[in-house]
Enquirer: 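Quick one: the structure is below, questions incoming.
Every value quoted in this text rests on a predicted model; they were computed, and no experiment measured them. In what follows, chains are A, B, ... by sequence order, proteins preceding strands, each numbered from 1.
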Amino acid sequence: MRQSKLFGRTLREAPAEAQTPGHRLVLRAAIAKPLAAGLYTWLPLGFRVAKKVERIIRQEQNRIGAQEMEMPVLTPAEPWKQTGRWDALEPITFRTKDHNGREFMVSYTHEEFVHLHAMQETQSYKQMPQIVYHFQSKGRDEARPRAGLLRLREFVMKDAYSFDVDQAGLEKSYAAEHEAYARTFERMGLDAISVESDTGAMGGDIAHEFQVLTEVGEDRIAICSNCDYRANLEKATRYIEGGSARADGVPARSAIATPGTESIEALEASLGQPGDAFLKTLLFRDQSRKVVAVVLPGDRDVNEAKLRKALATGEVKFASDADFVEAGAVPGYIGPIGLKTRVLVDHGVGARPYIAGANKKDVHFRDVVLGRDFEGERVDASDVREGDLCPKCKVGRLTIKRGVEVGNIFAYGTYYSDKMNATFVAEDGTRRPFFGGSYGIGLERAVQTIIETHHDDKGIVWPPQVAPYHAHVIALPMNDEDVRTKAEALVAKLETSGVEVLYDDRDESAGVKFADADLIGIPLRVTVSKRNLKENAVELKLRTAAESEMVPHGSAVDRIAEIVASWPR
RNA sequence: CGGGGCGUAGCGCAGCUUGGUAGCGCGCAGCGUUCGGGACGCUGAGGUCGAGAGUUCAAGUCUCUCCGCCCCGACCA
């Protein structure tokens with residue numbers, strides 16, 4: 001490919017909108033360009049990368065026996081309504097109608113439709129297990145697209161779906177996908193770790209996310225310093241030391257005057273006690289508008305994802321003033337004693353005396369003890385934080401890092417087949433629901449994450465397996481007849497021997513060409529110049545290397561082909 | 001959705017406070033010189049100043065409304 005004809009120009013300065021290093025490079029190196037918020041066009045260089053990433057994913061899916069197919073982007077409303085997701089997904093999906101008024105959704109995922117197909121194509125237990133997958137555009141009207149290709153409103157997802165006869169079969173398929181994912185990310189140069197994740201509104205038990213740890217990530221991951229425990233903060237728990245504290249012999253609770261102290265911080269200051277000496281009580285409303293109180297240690301924050309799960313609701317909101325009145329609570333002085341609502345008590349609240357609001361203005365109680373002074377359902381509804389004890393090994397400390405979710409796998413079991421009555425004939429002749437799982441990888445996000453984690457201050461440093469080209473041939477200067485002839489002959493020979501070449505045939509200065517080569521980040525730079533040809537040599541330089549290698553002009557093709565062949569594919 | 005910031009040439013920005021000929025750098029086109037780390041000279045093209053309404057003799061600049069883009073948070077397989 002002649003660079004003078006390349007559709008896509010490099011930029012010396014990045015557009016102001018680009019904030020993360022990777023986003024700036026996507027724009028500067030002509031990988032992709034925005035059309036609107038969260039809607040990007042792949043330029044030719046980026047498209048080649050996308051196709052290579054896609055190829056790796058495809059090979060690893062095929063390796064575990066998954067079969068590629070393709071379902072439409074536009075999907076009819078009925079199956080969505082059947083599973084309840086037509087309404088649930090309303091805020092974040094694109095919809096349209098045809099000329100007869102029939103409703104469609106730009107697909108968010110394809111569980112509903114792959115189940116419809118499975119019912120038709122897979123009628124007997126003899127045909128299972130099955131895994132099918134496709135690469136297809138997904139539409140999500142994200143409130144906040146960000147960081148270039150990291151969070152888009154339209155993107156290509158590889159989504160795979162497994163169908164098994166029972167839970168044991170599902171777990172096998174799940175394990176196969178888990179291994180395929182580990183290989184897939186490793187092959188594309190992503191250092192992804194598998195973490196436990198929340199299963200969200202879809203229920204189900206087993207779910208993992210593949211996270212790449214980087215500062216640009218949107219998720220927060222708790223990681224044990226000692227064992228292999230890793231979990232998304234939405235799901236992470238902690239080990240709580242118990243037993244030592246005793247509530248026996250605690251004097252009866254007594255009121256203390258606390259005028260004007262309406263926050264834990266204010267109480268800490270005026271009473272000289274640490275945050276965990278207090279109980280924090282928060283009022284929420286769930287989706288069905290029921291008010292619920294959550295009692296936490298004063299130094300902990302509520303974790304909304306866990307709270308939603310505990311309440312089995314899709315949404316929680318902070319309660320209104322009217323809710324406070326109804327609950328018999330006073331803002332700023334709320335406590336668990338005497339509340340006229342359902343009360344949840346976080347598992348971090350121990351068997352010891354606390355200071356808590358008295359539900360009376362300017363008054364708190366001291367020596368409030370769970371089980372004696374108030375009761376509540378025990379739940380885990382608080383955030384973990386740095387330094388908490390690992391729930392698995394109980395000795396390691398948790399650290400929290402940011403991560404990008406490049407893929408996830410999810411065993412949802414019969415969630416969809418139950419709602420859709422999707423069944424097969426089992427060995428005993430009865431009809432049984434499919435046990436399913438879904439497995440997704442976001443293509444654009446994977447590319448963006450590769451760039452975020454593979455660059456230096458000069459530009460992208462592509463892992464060879466996904467680089468847009470293998471070699472970047474630079475002719476210098478372009479107006480030298482001998483240089484041009486030899487460079488073009490070299491390019492032609494390389495291409496015949498299967499090396500993918502970007503040929504910088506532009507009449508630009510050496511500085512511009514080298515700077516662009518560093519920016520675009522093709523793994524091997526090949527310089528054919530007047531200076532080198534005087535020595536009858538060609539210069540080879542790996543993007544990752546500081547030093548270059550001079551090879552005789554006559555053996556350049558073989559040497560380059562040898563280097564390229566040594567790279568992982 | 002809450003909070004904040006920004007919209008002036010393809011990109012980066014100044015001009016707005018105090019209304020009066022729309023500018024700079026990069027890039028782009030032509031010619032010439034140069035040719036191993038973002039060269040130089042000359043010439044040139046390129047603007048509904050995000051949109052609409054208003055105030056004014058006069059609006060990039062002041063007022064109002066709307067739109068777009070970015071960041072933090074919330075939300076989101």
Side-chain angles (χ1 to χ4, degrees), chain A residues 8-20 23-24 27-28 30 33-39 85 88-93 107-112 138 140-148 151-153 155 157-161 197-204 207-210 216 218-220 232 234 302-305 308 314-318 405-412 415-416 436-442 445 458-459 474-480 483 504 506-519 525 527-534 539 541 548:
Chain A
R9 264 171 24 88
T10 56
L11 265 38
R12 193 178 299 202
E13 292 173 287
E17 76 215 28
Q19 302 286 325
T20 70
H23 188 190
R24 298 169 64 83
L27 266 20
R28 288 222 296 137
K33 290 289 164 69
L35 268 188
L39 301 175
R85 296 214 289 176
L89 296 176
E90 198 283 327
I92 50 168
T93 46
S107 188
Y108 181 88
T109 58
H110 284 82
E111 279 87 1
E112 280 79 355
K138 301 291 187 278
R140 298 187 182 181
D141 193 4
E142 297 285 353
R144 192 151 104 78
R146 65 177 286 272
R151 177 166 294 274
L152 295 171
R153 294 197 296 170
F155 62 97
M157 179 188 283
K158 183 288 297 174
D159 38 332
Y161 302 93
S197 70
D198 179 31
T199 49
M202 302 222 280
H208 287 83
E209 292 166 347
F210 284 78
V216 306
E218 306 172 285
D219 291 325
R220 285 177 178 78
N232 194 306
E234 293 171 353
V302 74
N303 182 302
E304 282 197 32
R308 279 197 302 275
E315 177 179 45
V316 289
K317 282 185 178 164
F318 280 113
E405 179 191 354
V406 288
N408 71 25
I409 57 177
F410 184 15
Y412 50 71
Y415 183 84
Y416 292 97
S438 65
Y439 314 91
I441 294 176
R445 179 178 288 185
K458 291 185 174 139
I474 291 177
L476 210 63
M478 205 37 211
N479 61 2
D480 184 290
V483 166
D504 192 347
R506 299 172 304 164
D507 187 14
E508 291 285 358
S509 70
V512 169
K513 290 189 168 196
F514 289 142
D516 272 350
D518 288 339
L519 174 60
R525 191 183 81 190
T527 309
V528 178
S529 70
K530 198 167 172 179
R531 195 172 86 180
N532 295 339
L533 287 178
K534 269 187 204 145
E539 179 192 343
K541 182 181 168 298
S548 57

Enquirer: In the 5'-to-3' direction, what one-character label does each nucleotide of nucleotides 68-73 of chain B receive under the scheme B = base within less than 4.0 Å of a protein heavy atom, S = sugar-phosphate only, - = no such atom?
Expert: -SSBBB

Enquirer: Please tell me whether A:Arg85 and A:Thr109 have a donor and an acceptor in their side chains that are separated by less than 3.5 angstrom.
Expert: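 There is such a pair between these side chains.
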
Enquirer: So, using ring-ring contact (aromatic ring centres under 6.0 Å, His included) as the criterion, who are the partners of A:Tyr439 when residues are at least two apart?
Expert: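 Scan of A:Tyr439 (ring-ring contact (aromatic ring centres under 6.0 Å, His included), adjacent residues dropped) gives none.
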
Enquirer: Can you list everything that forms a side chain to side chain contact (heavy atoms under 4.5 Å, CB included) with A:Ala515? Sequence neighbours excluded, please.
Expert: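 Result, side chain to side chain contact (heavy atoms under 4.5 Å, CB included) vs A:Ala515: none returned.
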
Enquirer: For nucleotides 43-49 of chain B, give me every protein contact, N/O to N/O, under 3.5 Å, one pair per line with atom names.
Expert:
none

Enquirer: Any strand is fair game: report the nucleotide pairing with B:A45 by Watson-Crick or G-U wobble, both distances under 3.5 Å, or none.
Expert: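 The answer is none; no pair meets the criterion.
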
Enquirer: Need the pair for B:U33. Rule: Watson-Crick or G-U wobble, both distances under 3.5 Å, any strand; none if unpaired.
Expert: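 Per the H-bond distance test, B:A39.
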
Enquirer: For the pair made of CD in A:Glu13 and P in B:C13, what is the distance, rounded to whole Å?
Expert: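 Taking CD of A:Glu13 and P of B:C13, I get 8 Å after rounding.
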
Enquirer: Could you run down nucleotides 33-42 of chain B 5' to 3' and tag each one B, S or - for protein heavy-atom contact under 4.0 Å?
Expert: --BBBBS---

Enquirer: Specify the residue among A:Ile92 and A:Arg9 whose closest nucleotide of RNA chain B lies further upstream toward the 5′ end.
Expert: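 Closest to the 5' end, via its nearest nucleotide, is A:Arg9.
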
Enquirer: Between B:G41 and B:U34, how far is it from one P atom to the other, in whole Å?
Expert: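 One P to the other, the span is 15 Å.
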
Enquirer: Could you please name the partner base of B:U18, counting Watson-Crick and G-U wobble pairs only when both distances are under 3.5 Å?
Expert: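 Matched B:U18 with nothing under the 3.5 Å cut-off.
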
Enquirer: For B:U56, which nucleotide in any strand shown is its Watson-Crick or wobble partner with both distances under 3.5 Å?
Expert: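 Base partner found: none.
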
Enquirer: Paired with B:A74: which nucleotide, if any, by Watson-Crick or G-U wobble criteria at under 3.5 Å for both distances?
Expert: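 Its partner: none found.
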
Enquirer: Among residues at least two apart in sequence or on other chains, which ones pass side-chain hydrogen bond (donor to acceptor under 3.5 Å, both in side chains) with A:Lys158?
Expert: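 If we apply the side-chain hydrogen bond (donor to acceptor under 3.5 Å, both in side chains) test to A:Lys158, skipping adjacent residues, the hits are A:Tyr181.
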
Enquirer: With a 3.5 Å limit on both atom pairs, tell me what B:G68 is paired to, counting Watson-Crick and G-U wobble, or say none.
Expert: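 Pairing partner: B:C6.
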
Enquirer: Report yes if the side chains of A:Val528 and A:Leu533 come closer than 4.5 Å at any heavy-atom pair, otherwise no.
Expert: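 Yes; the side chains approach each other to less than 4.5 Å.
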
Enquirer: I need the CZ-C1' distance between A:Phe155 and B:C76, as an integer number of Å.
Expert: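 So the two atoms are 10 Å apart, to the nearest Å.
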
Enquirer: Looking only at atom C1', what distance separates B:G47 and B:A22, rounded to whole Å?
Expert: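 Taking atom C1' in both B:G47 and B:A22, they lie 8 Å apart.
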
Enquirer: Taking all heavy atoms of A:Phe410 and all of A:Ala207, pick out the closest pair and write down the distance.
Expert: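 Looking at all heavy atoms of both residues, the closest pair is CD1-CB, 3.8 Å.
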
Enquirer: Residues in side chain to side chain contact (heavy atoms under 4.5 Å, CB included) with A:Asn532, at least two apart?
Expert: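 In terms of side chain to side chain contact (heavy atoms under 4.5 Å, CB included), with neighbours along the sequence ignored, A:Asn532 is linked to A:Thr527, A:Ser529, A:Glu539, A:Met550.
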
Enquirer: Please give the distance between the P atoms of B:G50 and B:G60 as a whole number of Å.
Expert: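 Straight-line distance between the two P atoms is 10 Å.
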
Enquirer: Please list, chain by chain and in numerical order, all residues satisfying side-chain hydrogen bond (donor to acceptor under 3.5 Å, both in side chains) with A:Lys541, sequence neighbours excluded.
Expert: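 Once residues adjacent in sequence are excluded, A:Lys541 has no partner under the side-chain hydrogen bond (donor to acceptor under 3.5 Å, both in side chains) criterion.
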
Enquirer: Could you give the distance separating B:A14 and B:U8 at their C1' atoms, to the nearest angstrom?
Expert: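 Between the two C1' atoms, the distance is 10 Å.
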
Enquirer: Among all residues two or more places apart in sequence or in another chain, which pass the side chain to side chain contact (heavy atoms under 4.5 Å, CB included) test with A:Arg151?
Expert: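 With neighbours one apart ignored, the set is A:Glu142, A:Arg146, A:Glu218, A:Arg445.
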
Enquirer: Using the C1' atoms only, state how far B:U63 lies from B:G23, rounded to an integer number of Å.
Expert: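 Per the computed distance, 26 Å lies between those C1' atoms.
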
Enquirer: I'd like the C1' distance from B:C64 over to B:G20, given in whole Å.
Expert: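 Their C1' atoms lie roughly 24 Å apart.
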
Enquirer: Got a sec, which residues hit side-chain hydrogen bond (donor to acceptor under 3.5 Å, both in side chains) with A:Thr20, two or more places apart in sequence or on another chain?
Expert: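 A:Thr20 satisfies side-chain hydrogen bond (donor to acceptor under 3.5 Å, both in side chains) with A:Glu452 once adjacent residues are dropped.
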
Enquirer: Does the structure show a Watson-Crick or G-U wobble partner for B:G23, both distances under 3.5 Å? Name it, or say none.
Expert: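 Base partner found: B:C13.
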
Enquirer: Using ring-ring contact (aromatic ring centres under 6.0 Å, His included) as the criterion, list what pairs up with A:His23, not counting sequence neighbours.
Expert: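 Applying ring-ring contact (aromatic ring centres under 6.0 Å, His included) to A:His23 gives none.
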
Enquirer: In whole Å, what separates the C1' atom of B:C26 from that of B:C40?
Expert: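 My reading of the C1' atoms in B:C26 and B:C40 gives 15 Å.
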
Enquirer: What's the gap between B:C66 and B:G7 when it is taken at their C1' atoms, as a whole Å value?
Expert: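 Pairwise C1' distance, B:C66 against B:G7, rounds to 14 Å.
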
Enquirer: Evaluate the side-chain proximity of A:Lys138 to A:Asp159: yes if any heavy-atom separation is below 4.5 Å, no if none is.
Expert: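 Side-chain contact under 4.5 Å: yes.
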
Enquirer: Excluding sequence neighbours, so at least two apart, what forms side chain to side chain contact (heavy atoms under 4.5 Å, CB included) with A:Ala30?
Expert: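 A:Ala30 satisfies side chain to side chain contact (heavy atoms under 4.5 Å, CB included) with A:Leu43 once adjacent residues are dropped.
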
